[in-house]
Number of protein chains: 2
Amino acid sequence: MRTTIKDIANYLNVSTTTVSRALNDKDDISDKMRQKVLEVAKLLDYKPNSIAISLRKKTSEKVIGVVLPSVNHYFFSTILRGITTTGHGDDYLVMIGESNQDVKREKEIINQFDDHYVAGIILVPTRNKDSRENVEMIGRRGTPMILIDRTFDDYQGSYIQHDDFKGAYDATNHLISQGKRKIAMLKGGHDCSLSQTRYDGYKTALNDINLKSNSAFVISCTNANKEEGYGAAQKLFAQSIKPDAIFCITDQLAVGVLEYAKDHKISVPAELSIVGYSNSEIAQNVTPKLTTVGQDGFEMGQLAKEYLIEMVLRPEVIRQKVFSSELIKRDSS
Amino acid sequence: MRTTIKDIANYLNVSTTTVSRALNDKDDISDKMRQKVLEVAKLLDYKPNSIAISLRKKTSEKVIGVVLPSVNHYFFSTILRGITTTGHGDDYLVMIGESNQDVKREKEIINQFDDHYVAGIILVPTRNKDSRENVEMIGRRGTPMILIDRTFDDYQGSYIQHDDFKGAYDATNHLISQGKRKIAMLKGGHDCSLSQTRYDGYKTALNDINLKSNSAFVISCTNANKEEGYGAAQKLFAQSIKPDAIFCITDQLAVGVLEYAKDHKISVPAELSIVGYSNSEIAQNVTPKLTTVGQDGFEMGQLAKEYLIEMVLRPEVIRQKVFSSELIKRDSS
DNA sequence: ATCGATTCCGTAAACGATTAAGTGAATGAT
DNA sequence: ATCATTCACTTAATCGTTTACGGAATCGAT
């Protein structure tokens, strides 16, 4: 049996109230008694019962919930690592749920978190706009929450984001500076705001040198994986005007394009430059190494946790941060 | 305010006991009353309070704890995905902790899980043998637990493993069948039993054709990452007798070797064959694509959860399973 | 000496559920 | 008609804490 405050109280012949007060460093208790309690607590190896505390306080002070589209995805799992890494030995516990880009599943997870009184939630919303409703649901309940990676128009809450516009702009501009002019883009699904922002960055970079974006050069890839990248490259190269560069919204897409290029003896980057997004593990391991836009998931995760803890302690605070993008030039461009 | 059983009880003018019995499908209650309670529960949108139940029952029936060396690692995060993926809409919640291969951190996490009354623990122990003490600590507490990936000598509890001996044996044998005879191995640290097992497989394959393993051809790489792979290759090729094949205990090591080969114009697989381990995402994206030993993390994770749930329901069961290995032949050998 | 304020501690209720024990009414057996 | 059994429900304790409230003792001021 684990020691409870009752055991300590009995040992000292005092009430549990006194013990509780001593352990929680409250007033209304003498220093002498406080000392005695602390000694006995150590002696009996007392550990507070988190569940009982949660029930009484109606919040699991030291538990945060994290919901990710996938734990298997390099960028997301890096965020998770940022969150779970204990900075200075803090003792937060993290619950994890995978939405799989499914809004309904996302809602289920959030409700489960709620059941368990999580102190706060770190959420990477699905690509679907309806995730907004889930976000608002959390808001109504008053649970502190911080969004990572995606947000919504006019979103007033806390978030941590990456500068997608600048990332895409820099990437496109980089291709332009390499002398490329027929620059295609592989974007995401239509309801993905993040993809839209990157698309805007791409268009703006083209406009800045008076190049109109050619709609035949822009392909939507809903899953944004390697296979779609391969397929999109196929489509692009089936047209009469062929691109001399492709900016891809994910590294996976870029790897798919790269594979297509290899299969069809298109030399990279001479004939075709390729730029990906996220600086995944693969980006530096494919040949040629992929030029990509870096997103520091670890740092984003760490900061999200920091912010969230602030928000738990002081519910009125709102934190917003946009990480600047960083173009990592490698061999594919 | 959320509805509690008290609200339902008041609504119907009955005691909370009756409500509890109805909701939990117990005896000692009339069908008519059971129906009424269920209706009102639905009407008032009742959701049980998991925390209160945990406190009373002294176990968080629907929460499992997972501790991984790293959530960022492809194989481990695939296991995690297997665990979090809800098969038939089960409502288990998972708490996650990262040991970072640190036995002390592992212990902290386990203790935190314990604080929260987790119903069971899925553990991928650190490489360090001392993890055994943590495992035994959980055992003494009686918390159901299942080990994945690594176990210990004479371990009597539940585990899910991969057939490391066969994996290494097959990989080595494959290299032999390609005509290679100077086969080096990059293994892990000395206290890593998993590495030892793979080493045994390697040695046995060599012995079977009367080749003695050459100690100069076996290099220990404690972190087993890309950089160490590169360094180990450097060492091997600095020797007078150079290997014509290298079997690596991780894909990361293999990628490092591959990079060395590229930098030094050693043709793969003609001059040097390379085999990795784990079938990570990189394995199929490097050029040439990496031959590797497949480990189905997803399936292992799923099964671990299934087993664990069985164990939670019936504490006397012990489940042990060794997944057979699968050599995935690609272009690096 | 008397009164109010302060200090230090205890009593008991509460958080939301489960469950052992008890009770009154209906039922059945003889 | 009488007694035992079963049925259907309630009372109250419990899990391990926190906390509003109350009260005795001490202190200082007048």
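We use all heavy atoms of the structure for the numbers below, so side chains are in, but hydrogens, waters and symmetry mates are not. Numbered from 1 within each chain, the chains take letters A, B, ... in sequence-line order.
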Residue [X], side-chain heavy atoms: nucleotide from [options] that is nearest:
{"X": "A/S20", "options": "D/dG16, C/dT19, D/dT18", "answer": "D/dT18"}
{"X": "B/Y117", "options": "C/dA17, D/dC9, D/dG16", "answer": "D/dG16"}
{"X": "B/K58", "options": "D/dC9, D/dT17, D/dC15", "answer": "D/dC15"}
{"X": "A/T16", "options": "D/dT18, C/dA17, D/dG16", "answer": "D/dT18"}

List the steps and the verdict of side-chain contact (heavy atoms from CB on, under 4.5 Å) for A/E106 and A/V67. CA-CA 7 Å; A/E106 190 178 59; A/V67 18; 4.1 Å; yes
Is any side-chain nitrogen or oxygen of A/K26 closer than 4.0 Å to OP1 or OP2 of D/dT19?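 Checking D/dT19 against A/K26, a side-chain N or O does come within under 4.0 Å of OP1 or OP2.
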Phosphate oxygens OP1/OP2 of D/dC9: is one of them under 4.0 Å from a side-chain N or O of B/S30?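 Checking D/dC9 against B/S30, a side-chain N or O does come within under 4.0 Å of OP1 or OP2.
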Select from B/V14 and A/Y46 the residue whose nearest nucleotide in DNA chain D is closer to the 5' end of that strand.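 Nearest nucleotide further toward 5': that of B/V14.
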Evaluation steps, side-chain contact (heavy atoms from CB on, under 4.5 Å), between B/K129 and B/S193: CA-CA 8 Å; B/K129 275 183 183 156; B/S193 68; 5.7 Å; no
Below 3.5 Å, does any donor atom in the side chain of A/T17 face an acceptor in the base of D/dT19, or the other way round?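 Looking at the base of D/dT19, it does pair with a donor or acceptor on the side chain of A/T17 (distance under 3.5 Å).
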Once hydrogens and angles are ignored, does a donor-acceptor distance under 3.5 Å link the base of C/dT18 to the side chain of B/R56?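 Present.
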What contact category does [X] fall into here, base, sugar-phosphate, or nothing, at under 4.0 angstrom with non-hydrogen atoms?
{"X": "A/I5", "value": "base"}
{"X": "B/L55", "value": "base"}
{"X": "B/S15", "value": "base"}
{"X": "B/N49", "value": "sugar-phosphate"}
{"X": "B/D27", "value": "nothing"}
{"X": "B/K32", "value": "nothing"}

Given that B/K57 and B/R21 both sit by DNA chain C, which one's nearest nucleotide is further toward the 5' end?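 By nearest-heavy-atom nucleotide position, the 5'-most residue is B/K57.
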Between B/Y46 and B/K42, is there a cation-pi geometry (under 6.0 Å to ring centre, at most 45° from the normal)?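 Checked: cation-pi criterion not met.
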Looking at B/S158, is its backbone amide N or carbonyl O close enough to the side chain of B/Q320 to form a donor-acceptor pair, meaning the two atoms are under 3.5 Å apart?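 No, B/Q320 side chain to B/S158 backbone: no donor-acceptor pair under 3.5 Å.
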Rounded distance (Å) that lies between atom P of D/dT10 and atom CD1 of B/I8: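 Whole-Å distance recorded here is 14 Å.
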May I ask you to check whether over 12 heavy atoms, not counting those of B/F298, lie within 6.0 Å of atom CZ?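 Counting neighbours around CZ of B/F298, more than 12 heavy atoms of other residues, nucleotides or ligands fall under 6.0 Å, so yes.
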